[in-house]
Amino acid sequence: MHKSAVIAATVAILGVLAPAAQAHAPSGEGRTAEAATPCGFHTTTGLYPNQAHYMHCTQEPYAVKVTVDYFVGNDGEICVQANADAFLGYVYEVANAYYNGRLC
């Protein structure tokens, strides 16, 4: 296969895949940190490693109740602002966190 044919085929494939990737991209909702901060329960690495966080991604501006499952002790509830990353503790303390369907 000639080099020009390989380039043409690559461009054609990328042209087909690019719109599909854009179709599933988040709307942005005006937040610049959305790409860097995942929605829901997540842990951190890098500069501040081993932290547990929760981010409730929504278009609604309401604070929501999140249940936090701890490895030791009683589980608890906290209020989390919409589209804001909430620090929950450290990974050796927090097993999971999830939105429980209620508003604060």
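The chain is numbered in sequence order, starting from 1.
No side-chain donor-acceptor contact under 3.5 Å links Asn50 to the backbone of Tyr90. Between the side chain of Thr44 and the backbone N or O of Tyr48 there is at least one donor-acceptor pair closer than 3.5 Å.
Side-chain contact between Thr37 and His53: absent, with no pair of heavy atoms (C-beta onward) separated by less than 4.5 Å. Looking at heavy atoms from C-beta onward, Asp85 lies out of side-chain contact with Tyr54 at the 4.5 angstrom threshold. Using a 4.5 Å cut-off on side-chain heavy atoms (C-beta onward), Val68 and Val94 make contact. No side-chain heavy atom of Lys65 sits under 4.5 Å from any side-chain heavy atom of Leu103. Using a 4.5 Å cut-off on side-chain heavy atoms (C-beta onward), Leu88 and Ile78 make contact. With a 4.5 Å cut-off on side-chain heavy atoms, Glu77 and Val66 do not count as touching.
Taking all atoms of both residues into account, the shortest heavy-atom contact from Glu60 to Ala82 is O-CB, 3.3 Å. Closest approach of Thr58 and Asn83 over heavy atoms only: O-ND2, 2.7 Å. The minimum heavy-atom distance linking Cys104 with Val80 is given by the pair SG-N, 4.4 Å. Heavy-atom minimum distance, Tyr70 versus Asn74: CD1-O, 3.2 Å. Of all heavy-atom pairs spanning Ala52 and Phe41, the tightest one is CB-CE1, 3.8 Å.
In this structure, OG1 in Thr45 is found 10.5 Å from CD in Gln51, a value given to the nearest 0.5 Å. In this structure, Met55 CE and Gln81 CD are separated by 12.0 Å, a value rounded to the nearest 0.5 Å.
Shown here are the ring pair (Phe, Tyr, Trp, His ring centres under 6.0 Å) partners of Tyr99, two or more places apart in sequence or in another chain: His56.
Under a hydrophobic clustering in which Ile, Leu, Val, Met, Phe, Trp and Tyr are joined whenever their side-chain heavy atoms come within less than 4.5 Å, directly or via other members, Phe87 and Tyr92 fall into the same cluster.
The 12-atom threshold is exceeded at CZ of Phe71, counting heavy atoms of other residues, nucleotides or ligands nearer than 6.0 Å.
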